[in-house]
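Here is the structure we will look at, set down as structure tokens.
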Amino acid sequence: MTIGISSDFDGGNITVLNADGPKFDLAIRHDKDSDFYQWFYFRVEGAAGAPLELRITNCGASAYPLGWENYRARVSNDGENWTCADTSYAGGVLTIRHTPAGGCVWFAYFAPFSNERHHALVTRIAAHDHVEHRVLAQTLDGRPIDLLTIGSGNRQIWLYARQHPGETMAEWWMEGALDLLVSGDPVAQKLLGEATFYVVPNMNPDGSARGHLRTNGVGVNLNREWHAPSLERSPEVWHVRAAMDETGVDFAMDIHGDEAIPYVFLAGFDGIPSWTQAQGDLYTRFASDLAARTADFQTEHGYPVAGAHKANLSMSTNQLAERFGAVSMTMEMPFKDNDDAPDLRHGWSPERSRQMGRDCLAVLAGMIEDI
């Protein structure tokens, strides 16, 4: 049987340039109308027992070339359970070597979170009596922007993920957080008595379905639109921000993945014009308490801190802190592994992402009365 490669499915992305038996030269497609590319996801068929050598040849010019150093691609025999493949990077080429036991095997930049799984998650959480589901609007491709509202407390908490669609660990985080919120756990009971949660599990369903790394269906980076979103370019941000204006925001987390930094870390709102000590102290307290709770989080490695009045207000964390006086933050999880607690088989994984969601809510519960 001839070995073949396909990516014509939800979130798929790869182009076959050349094939020679089990050896393939491949290229990642750009996000539509954009220079960004880095996400890949494809299936190899008819390869049982074949020593595959998959060379992704255009990695050197991708969005984040430093993301390929010490990176390992994810591989799955069933599309559900993902482990790390033998991967190397040199001269702008990422080479994956793997000998599959079965006829089909899947490869991805990180474990995918499909639109089908997204809809199943929303349906499952919305089935609980104390959860309200609302479609804020349709995307440019006609997909729903889902909002889940949980709780009855006076504090307004917003959680949102996958502004950058290829950062699928963000929605795995959401799955863990949402499952905790509807579980009846004491952490959930305390949070839902003190706060109302507004949760957008996937801000960018168009980019997710198209197999994009960073942009929506018309090539727009949503996390550079929060100062002036438009219905023509960024309806996802326009509608979510409008809903935030209706409710107000006291605390917000924007969930992401980072291509290059092999740690879990937070980015805050330093440099916004109206920064206050009270805001800064609560942000620092959250980070410190999370580091004390789990070895999967740390505060030493991350992004440089902006100087006074240097914050980029087109980014959601800065915009929400400035617009509402909120304690807001961006959580970043690695595509690689957590160098503080490496897992040679799985790397950073869906389960660790889900657990991070649960840990973040537990930390929030410990300080919710001060938000």
Aromatic ring centroids of Tyr109 and Phe335 under 6.0 Å? yes
Atom CG of Asn154: over 12 foreign heavy atoms under 6.0 Å: no
Describe, in one word, how the ring planes of His98 and Phe107 are oriented to each other, choosing from parallel (under 30°), tilted (30 to 60°) and perpendicular (over 60°). perpendicular
Let's go through Asp337 and His346 carefully: what are the C-alpha distance in whole Å and the side-chain angles of both, what is the deciding distance for side-chain hydrogen bond (donor to acceptor under 3.5 Å, both in side chains) to 0.1 Å, and is it a yes or a no? CA-CA 8 Å; Asp337 199 351; His346 298 96; over 6 Å; no
Please check if Leu181 and Ile371 belong to a single hydrophobic cluster, counting links between Ile, Leu, Val, Met, Phe, Trp and Tyr side chain heavy atoms closer than 4.5 Å. yes
If we ignore angles and hydrogens, is there a donor and acceptor under 3.5 Å between the side chains of Tyr89 and Glu69? no
May I ask you to say whether Arg210 pairs ionically with Asp141, meaning some side-chain N is under 4.0 Å from a carboxylate O? yes
Would you list the pairs meeting salt bridge (charged side-chain N to carboxylate O under 4.0 Å, His left out) in which at least one residue belongs to residues 104-114, sequence neighbours left out? none
Verify whether one side chain among Ser314 and Asn312 offers a donor that lies under 3.5 Å from an acceptor in the other. yes
Is the distance between the ring centroids of Trp106 and Phe9 under 6.0 Å? yes
Minimal non-hydrogen separation, Pro100 against Ala50, with atom names: CD-O, 3.3 Å
Check ion pair Asp10-Arg117 (N to O, under 4.0 angstrom): no
Mind jotting down which residue pairs meet the salt bridge (charged side-chain N to carboxylate O under 4.0 Å, His left out) criterion with at least one end in residues 251-271? Sequence neighbours excluded, please. none
Taking the side chain from Lys336 and the backbone from Ala260, do they hold a donor-acceptor pair closer than 3.5 Å? yes
Atom CE of Met169 and atom CD1 of Ile255: how far apart are they, to the nearest 0.5 Å? 12.0 Å
Run the numbers on His212 and Ser34 for side-chain contact (heavy atoms from CB on, under 4.5 Å), then give the verdict. CA-CA 10 Å; His212 287 186; Ser34 169; over 6 Å; no
Regarding Asn223 and Gln163, do their side chains bring together a donor and an acceptor under 3.5 Å, going by distance alone? yes
Pairing of Arg134 and Glu132 as salt bridge, 4.0 angstrom limit: no
Salt-bridge present (Glu175, Arg162; N to O < 4.0 Å): no
For Arg233, is the CZ atom crowded, meaning more than 12 foreign heavy atoms sit under 6.0 Å from it? no
Give the ring-plane orientation class for Trp68 versus Tyr71, where under 30° counts as parallel, over 60° as perpendicular and anything between as tilted. perpendicular
Among side-chain atoms of Asn202 and Ser208, is any donor-acceptor pair under 3.5 angstrom? yes
Lys32, NZ atom: more than 12 neighbouring heavy atoms under 6.0 Å: yes
Does the side chain of Ser353 pick up a donor-acceptor pair with the side chain of Trp348 at under 3.5 Å? yes
Checking one residue: Tyr303. Which other hydrophobic residues are in its cluster under the side-chain 4.5 Å linking rule? Ile261, Tyr263, Phe265
Donor + acceptor pair across side chains of His118, Asp146 (<3.5 Å): yes
Would you kindly say whether Gln355 and Arg352 are connected by a side-chain donor-acceptor distance under 3.5 Å? no
Quick test of your reading of the model: are Asp370 and Arg285 salt-bridged, counting only N-O distances below 4.0 Å? yes
